[in-house]
Amino acid sequence: QQQQQQQQENNHLYHHDNKNGQNVAALSSTRTKKTVFLVRHAESLENKRLAALTKSLQTLGGLQLPSKQDVWTSMELMDVAAQVDSDVSTVGMAQIQNVAQQLAKDRFVSKRRVDLFAHSPLKRARDTCLG
């Protein structure tokens, strides 16, 4: 009986039913091949700050002073809360618009029959996905 139950689990996709606390079969026993497209989020403010810090350190390594803007941007890294869930930068917004236009032009979603968009709860991932 346990082997039969295992076979049934292998042939079904399940979702968790919070109401009853049980796993419920979501699809028929037919397996369907799915393609997953992974997209990295657009440039975030954290990415921008880290790039400024890297540039500042490289400049110092060359025995020169970094730009005031790079130092100032790097110092924003001390705001730890802003790093955990940082917004998309201005460059990131342009990246999102550019990719959205290209995907629309190529009719990517309809040609590839995309059924689901999923993203992490972070703002930069959500903004990229919704763009």
Side-chain angles (χ1 to χ4, degrees):
Q1 186 177 17
Q2 187 178 13
Q3 186 177 12
Q4 186 179 15
Q5 183 180 4
Q6 181 66 40
Q7 182 62 35
Q8 286 176 339
E9 288 177 8
N10 289 340
N11 289 335
H12 289 83
L13 292 178
Y14 288 86
H15 73 274
H16 187 74
D17 182 356
N18 289 329
K19 186 176 180 182
N20 297 322
Q22 298 176 345
N23 287 328
V24 179
L27 299 175
S28 71
S29 63
T30 321
R31 291 181 185 222
T32 305
K33 180 180 175 184
K34 297 288 182 183
T35 302
V36 176
F37 298 97
L38 300 176
V39 179
R40 190 179 193 286
H41 63 79
E43 181 189 77
S44 68
L45 292 174
E46 178 184 13
N47 298 137
K48 180 180 175 182
R49 293 170 187 135
L50 289 170
L53 176 62
T54 300
K55 186 176 175 186
S56 295
L57 293 174
Q58 288 173 342
T59 303
L60 286 170
L63 302 176
Q64 296 180 1
L65 291 175
S67 73
K68 182 178 178 181
Q69 181 64 41
D70 285 339
V71 172
W72 187 255
T73 302
S74 299
M75 289 179 60
E76 292 174 3
L77 285 168
M78 290 189 280
D79 182 1
V80 176
Q83 306 319 311
V84 174
D85 193 11
S86 65
D87 290 311
V88 172
S89 69
T90 305
V91 169
M93 292 300 281
Q95 291 171 336
I96 291 169
Q97 290 174 351
N98 183 29
V99 170
Q101 289 171 355
Q102 188 63 46
L103 292 175
K105 178 182 170 191
D106 295 342
R107 295 182 29 230
F108 182 84
V109 173
S110 60
K111 282 183 179 179
R112 296 292 188 148
R113 292 185 244 154
V114 176
D115 296 323
L116 174 70
F117 295 91
H119 58 80
S120 81
L122 298 176
K123 290 186 279 188
R124 59 186 173 256
R126 181 190 62 235
D127 291 347
T128 300
C129 185
L130 295 176

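Since the model is a prediction, treat every value here as computed from it, not as a measurement.
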Is there a path from Val39 to Phe117 through hydrophobic residues (I, L, V, M, F, W, Y) whose side chains come within less than 4.5 Å of each other?
no

Tell me the closest heavy-atom pair linking Arg124 and Val88, and the distance in Å.
CA-CG2, 3.8 Å

Nearest heavy-atom contact between Ala42 and Ile96 is CB-CG1, 3.6 Å

Might you point out which heavy atoms bring Arg49 and Ser86 nearest each other, and give the distance in Å?
NH1-CB, 4.4 Å

In the single-linkage hydrophobic clustering (I, L, V, M, F, W, Y; side-chain heavy atoms under 4.5 Å), do Val99 and Leu130 co-cluster?
no

Straight-line distance of Lys34 NZ to Asp115 CG, nearest 0.5 Å:
5.0 Å

Nearest heavy atoms of Pro66 and Val71, plus distance in Å
CG-CG2, 3.6 Å

Taking Asp87 as the fixed residue, which of Lys123, Lys48, Arg126 is the one that meets the salt bridge (Lys or Arg N to Asp or Glu O under 4.0 Å) rule?
Lys123

Apply the test side-chain hydrogen bond (donor to acceptor under 3.5 Å, both in side chains) to residues Thr73 and Asp70: give CA-CA distance (whole Å), side-chain angles for both, the deciding distance (0.1 Å), then the verdict.
CA-CA 5 Å; Thr73 302; Asp70 285 339; 5.6 Å; no

Nearest 0.5 Å please: distance from the OG1 atom of Thr90 over to the CD atom of Glu43.
8.5 Å

If you count heavy atoms of other groups shown closer than 6.0 angstrom to CG of Leu60, is the number above 12?
yes

Verify same cluster id: Trp72, Leu57 (apolar side-chain graph, 4.5 Å)
no

Hey, are the side chains of Glu76 and Leu45 touching, using non-hydrogen atoms and a 4.5 Å cut-off?
no

d(Asp127 CG, His41 NE2) to nearest 0.5 Å is 11.0 Å

Would you call Val109 and Leu103 a side-chain contact if the rule is heavy atoms closer than 4.5 Å?
no

Atom CG in Leu50, atom OG in Ser44: separation rounded to 0.5 Å?
7.5 Å

